Protein chains: 2
Amino acid sequence: MKAVALDHTMLALADPTRRAILQRLGSGEARVTELAAPFAMSLNAVSKHIRVLERAELVQRRRAGREHILSLNPKPLDEAAAWIDEQRRFWTANLDALERALADYED
Amino acid sequence: MKAVALDHTMLALADPTRRAILQRLGSGEARVTELAAPFAMSLNAVSKHIRVLERAELVQRRRAGREHILSLNPKPLDEAAAWIDEQRRFWTANLDALERALADYED
DNA sequence: CTTTCATTCAACCTATTGGTTGAATATGAA
DNA sequence: TTCATATTCAACCAATAGGTTGAATGAAAG
C-alpha cells in the first residue's frame, strides 16, 4: 500500500462518525440519507464524511437515479490491518531477540 | 477502547513521519534527536509528532538527564487492529449470510 | 562559571477538518 | 409542467495539523 493511501485510510478511520458509517455499511449498502439519519448533524456534514471515506476508497458510490448508493470496500481496511500487524510482528520479534540476549547474558 | 482513544490512535497513524517513528521504535528505544535524524524537517517538527504519538499513548517518554528516551507502547496498536478486525469479521459474516440467502433463493 | 547539548515552549503561518447555511442540480412523482 | 426529493456545490467559520524560527530551560562538560 502506498504511503499516501495509508494516510487517507487512517485519517478516514480517525473519526467516530466515519467509523460508524463504515460499521453501518458492513451490514449492507445504503443511500446517503439513510447513512445520515442516525447523526445529529446536517446531511451536508455526512456527505463530506462520505467524501473522506471515498478518498480513502473505503466506500464506493453507485448512482441509481437521484439516489447515491454507498457500499463498503474492505481492501483498504485489509491493508491498514496488514501495516499494523507487520509492526507488531516486527516489534515482538525484536522483543524476543532481546529476551534471548538477556538469557545468554544470564548464563 | 474508548472512541476518543481510537480517534487519537488512528490520527497518529495517519502520517508517514509518525509511522516511520513507530517503526524505528519497534527495534528499540531512542532519544528525540535520534528519532529526528532521518527526517528532512526541524527537530521541533519531530518533537510535535512525538507529542501526537504520546497523546495516542503509542509511545512513552522516560527522562534520563537531559535526554528524553522514547519507547513503543503497542497496546493502542493492538486495539486499533482489534477494531479493524471486528469490522472485517462482521462484514464477512454478513456477506456469508447474503450468500446463503442467495443460495436459498436459487433452490 | 561558561559553554554546549538536548529538548521544549511560544508565536506565527498556511492548509485541512469538520461543521454550518443557502443555492444549485437532477431525478421522480402528481 | 410543477412540485418534491436526493444530493452536491459554494461560501463561510472556528479549530486543528503540520511546519517554521527564535527564545527558554535544564543538564553535562570544559
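Computation of the quantities below employed the complete heavy-atom set of this structure, encompassing side-chain atoms and omitting hydrogens, waters and symmetry-equivalent molecules. Computed from a predicted structure; not experimentally measured. First the proteins, then the strands, lettered A, B, ... as listed; each starts at 1.
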Discussion item. My understanding is that only residues two or more places apart in sequence, or in another chain, count here; which of them pass side-chain contact (heavy atoms from CB on, under 4.5 Å) with B:P38?
Written reply: none

Response to the item:
So the contacted stretch of DNA chain D, first to last nucleotide with an atom under 4.0 Å from a non-hydrogen atom of chain B, runs from D:dA17 to D:dA28

Show each protein N/O and nucleotides 16-18 of chain C N/O combination with a separation under 3.5 Å, one pair to a line.
from: C:dT17; atom 1: OP1; to: A:R55; atom 2: NH1; distance (Å): 3.3
from: C:dT17; atom 1: OP1; to: A:R55; atom 2: NH2; distance (Å): 3.1
from: C:dG18; atom 1: OP1; to: A:R18; atom 2: NH2; distance (Å): 3.4
from: C:dG18; atom 1: OP2; to: A:R18; atom 2: NH1; distance (Å): 2.7
from: C:dG18; atom 1: OP2; to: A:R18; atom 2: NH2; distance (Å): 3.3

Worksheet item: Can you check the B:R61 CZ to C:dA6 P distance for me, whole Å?
Response: 15 Å

Item to complete: With sequence neighbours excluded, give me every side-chain hydrogen bond (donor to acceptor under 3.5 Å, both in side chains) pair touching residues 20-30 of chain B.
Response: B:E29-B:R62

Worksheet item: By the rule that ILVMFWY residues connect when side-chain heavy atoms come within less than 4.5 angstrom, directly or transitively, which residues belong alongside A:L11?
Response: B:L11

Worksheet item: Does A:R18 reach the main-chain N or O of A:L13 with its side chain, forming a donor-acceptor pair under 3.5 Å?
Response: no

Response to the item:
Sorted by chain and residue number, the side chain to side chain donor-acceptor pair (under 3.5 Å) partners of B:E57 (sequence neighbours excluded) come out as none

Discussion item. Show me the pairs that pass salt bridge (Lys or Arg N to Asp or Glu O under 4.0 Å) and involve residues 38-47 of chain B, at least two apart or across chains.
Written reply: none

Response to the item:
Apart from B:F90 itself, its cluster of hydrophobic side chains linked below 4.5 Å comprises none

Worksheet item: Between A:D15 and A:H49, is a side chain to side chain contact (heavy atoms under 4.5 Å, CB included) present by the stated rule, with each step listed?
Response: CA-CA 9 Å; A:D15 179 279; A:H49 280 301; 3.5 Å; yes

Worksheet item: Got a sec? Which of residues 24-39 of chain B come in under 4.0 Å of DNA chain C, heavy atoms?
Response: B:R31, B:V32, B:T33

Item to complete: For nucleotides 23-30 of chain C, just jot down a letter per nucleotide in 5' to 3' order: B, S or -, based on protein non-hydrogen atoms under 4.0 Å.
Response: ----BS--

Discussion item. So for atom CZ, which belongs to A:R61, do other residues, nucleotides or ligands contribute more than 12 heavy atoms lying within a distance under 6.0 Å?
Written reply: yes

Worksheet item: Are side-chain heavy atoms of A:K75 and A:E79 found at a separation under 4.5 Å?
Response: yes

Discussion item. Could you work out, with side-chain contact (heavy atoms from CB on, under 4.5 Å) as the rule, every residue matching B:V46, not counting sequence neighbours?
Written reply: B:I21, B:A36, B:F39, B:M41, B:I50

Worksheet item: What side-chain hydrogen bond (donor to acceptor under 3.5 Å, both in side chains) pairs are there with at least one residue in residues 30-46 of chain A, not counting sequence neighbours?
Response: A:R31-A:E34

